[in-house]
Amino acid sequence: MLENGQPLKKTKTLRKITPQRLKNIALYYLKRFDSSVANLRSVLRRRVEEYAYFNKEFDKHEAYAWIESILEDFESYGYLNDERYGEIKVRNYLAAGKSARYIQGKMKQKGISEQVVDELLENSGYDAYESALALAKKKKIGPFRAPESRREMRNKDMAALIRAGFDYDVVCKIMGEEGLEAD
């Protein structure tokens, strides 16, 4: 409805945060997405922060303790497992042709330790050349580009592969120019 020609603002009403509500939020999140412990912690903390912003007398620290308890329970139930989550994500990233740097950065954002990621990459048989080739094929660049436009698009294609996190040597190998300098 309009009041003095202005639309009424709709205010967001937040439901009270309780241990059971946090548990339900976490279960609903895990039903839709696979998650690491650190990622689920940040999701739940955001919900607590949002509620605490509008309800000044709410004790955030008590809610943080509830979150830690929920996370411990979920780990013991097997709902959360960082190694399993990391393994699935690394496999998906490798299939998409992502570089080791990209994978390490993404996994760090999700709270997976660097050692675990390195171990997963080593166990998966990561090959930078194969990943770069898969990405080039997916994006139709480099050797997968139409022959008539390869020469003029070489620098752009090389830049795309380098921005994706691949080493210059690997990119040169993909472009079929191993050992040559870029123009």
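Because the structure is predicted, anything quoted here is derived from the model rather than measured. Scope of the values below: all heavy atoms of this structure, side chains included, with no hydrogens, waters or symmetry mates.
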Notebook entry, point to check: Do E68 and R41 come within less than 4.5 Å of each other through their side chains, counting heavy atoms only?
Noted result: yes

Item checked: Non-hydrogen side-chain atoms of Y168 and M158 separated by less than 4.5 Å -> yes

Check: Checking S99 side chain against A164 main chain: does a donor-acceptor pair fall under 3.5 Å?
Finding: yes

Check: Considering only heavy atoms from C-beta outward, does the side chain of L135 approach that of F166 to under 4.5 Å?
Finding: yes

Checklist line | Residue pair L94 / S131: nearest heavy atoms and the distance that separates them | finding: CD2-OG, 4.0 Å

Note to self: I need the I103 CD1 to Y93 OH distance, nearest 0.5 Å.
What the structure shows: 8.5 Å

Check: For the hydrophobic clusters of this structure (ILVMFWY residues joined by side-chain heavy atoms under 4.5 Å, transitively), does one cluster hold both M153 and I141?
Finding: no

Notebook entry, point to check: So, the side chain of Y29 versus the backbone of L40: is there a donor-acceptor pair under 3.5 Å, distance only?
Noted result: no

Checklist line | Any I17 side-chain heavy atom under 4.5 Å of W66 side chain | finding: yes

Checklist line | Donor-acceptor contact below 3.5 Å, side chain N81 vs main chain R84 | finding: yes

Check: For the hydrophobic clusters of this structure (ILVMFWY residues joined by side-chain heavy atoms under 4.5 Å, transitively), does one cluster hold both V37 and L27?
Finding: yes

Notebook entry, point to check: How far does CG of D82 sit from OG of S36, to the nearest 0.5 angstrom?
Noted result: 5.0 Å

Check: Considering all heavy atoms of both residues, which atom of I174 and which atom of A132 are nearest to each other, and what is their separation?
Finding: CG1-CB, 3.9 Å

Notebook entry, point to check: Is there side-chain contact between D118 and Q115, with heavy atoms separated by less than 4.5 Å?
Noted result: no

Checklist line | S124 side chain to L120 backbone, donor-acceptor under 3.5 Å | finding: yes

Margin query: Using a 6.0 Å cut-off, check whether atom CZ of R32 has over 12 heavy atoms from anything other than its own residue.
Written below: yes

Next item on the list: Tell me, with the steps shown, if R91 and E87 meet salt bridge (Lys or Arg N to Asp or Glu O under 4.0 Å).
Entry: CA-CA 6 Å; R91 192 177 330 120; E87 189 177 317; 3.5 Å; yes

Note to self: If hydrophobic clusters are built by linking Ile, Leu, Val, Met, Phe, Trp and Tyr wherever their side-chain heavy atoms come under 4.5 Å apart, do Y77 and I67 end up in the same one?
What the structure shows: yes

Check: Is the shortest heavy-atom distance from the side chain of K137 to the side chain of P143 under 4.5 Å?
Finding: no

Notebook entry, point to check: Should Y129 and I162 be regarded as members of a common hydrophobic cluster, given that ILVMFWY residues are connected when their side-chain heavy atoms come within less than 4.5 Å of each other, either directly or indirectly?
Noted result: yes

Margin query: Can you see whether Y53 has K56 sitting over its ring - NZ or CZ less than 6.0 Å from the centre and within 45° of the normal?
Written below: yes

Notebook entry, point to check: Between the side chain of R145 and the main-chain N/O of R150, is any donor-acceptor distance below 3.5 Å?
Noted result: no

Next item on the list: Calculate, to the nearest 0.5 Å, the distance between atoms CG and CD belonging to L80 and E72 respectively.
Entry: 11.5 Å

Check: Just wondering, do N123 and V90 contact through their side chains at under 4.5 Å, heavy atoms?
Finding: no

Checklist line | Gap between atom OH of Y51 and atom CZ of R21 - 0.5 Å precision | finding: 10.0 Å

Item checked: salt bridge (Lys or Arg N to Asp or Glu O under 4.0 Å) assessment of K173 paired with D167 -> CA-CA 10 Å; K173 199 172 180 184; D167 292 332; over 6 Å; no

Checklist line | Nearest non-hydrogen partners of Y126 and A100, listed with the distance | finding: OH-N, 3.0 Å

Check: More than 12 heavy atoms of other residues, nucleotides or ligands under 6.0 Å from CD of E122: is that the case?
Finding: no

Notebook entry, point to check: Considering all heavy atoms of both residues, which atom of P19 and which atom of I70 are nearest to each other, and what is their separation?
Noted result: O-CD1, 3.7 Å

Check: For the residue pair A38 and G111, what are the closest heavy atoms and their distance?
Finding: CB-CA, 3.6 Å

Note to self: Distance check, rounded to the nearest 0.5 Å: N55 atom CG versus E57 atom CD?
What the structure shows: 4.5 Å

Checklist line | Step-by-step side chain to side chain contact (heavy atoms under 4.5 Å, CB included) determination, K110 to K89 | finding: CA-CA 10 Å; K110 297 295 183 178; K89 285 298 197 181; 5.8 Å; no

Check: Are there more than 12 heavy atoms of other residues, nucleotides or ligands under 6.0 Å from atom CZ of R47?
Finding: no

Check: Would E114 and K108 pass as an ion pair if we require N to O under 4.0 Å?
Finding: no

Notebook entry, point to check: More than 12 foreign heavy atoms under 6.0 Å from OH of Y79: is that the case here?
Noted result: no

Check: Transitively linked via ILVMFWY side-chain contacts under 4.5 Å: Y28 with F33?
Finding: no

Margin query: For a 4.5 angstrom cut-off between non-hydrogen side-chain atoms, does L121 reach Q104?
Written below: yes

Next item on the list: Assess whether side chain to side chain contact (heavy atoms under 4.5 Å, CB included) is satisfied between L30 and S35, documenting all intermediate values.
Entry: CA-CA 7 Å; L30 289 175; S35 181; 3.8 Å; yes

Next item on the list: Working to the nearest 0.5 Å, report the span between CD of Q109 and CG of N39.
Entry: 10.0 Å

Notebook entry, point to check: Do the numbers put K140 on top of the ring of F144, so that NZ or CZ is under 6.0 Å from the six-membered ring centre and no more than 45° off the axis?
Noted result: no

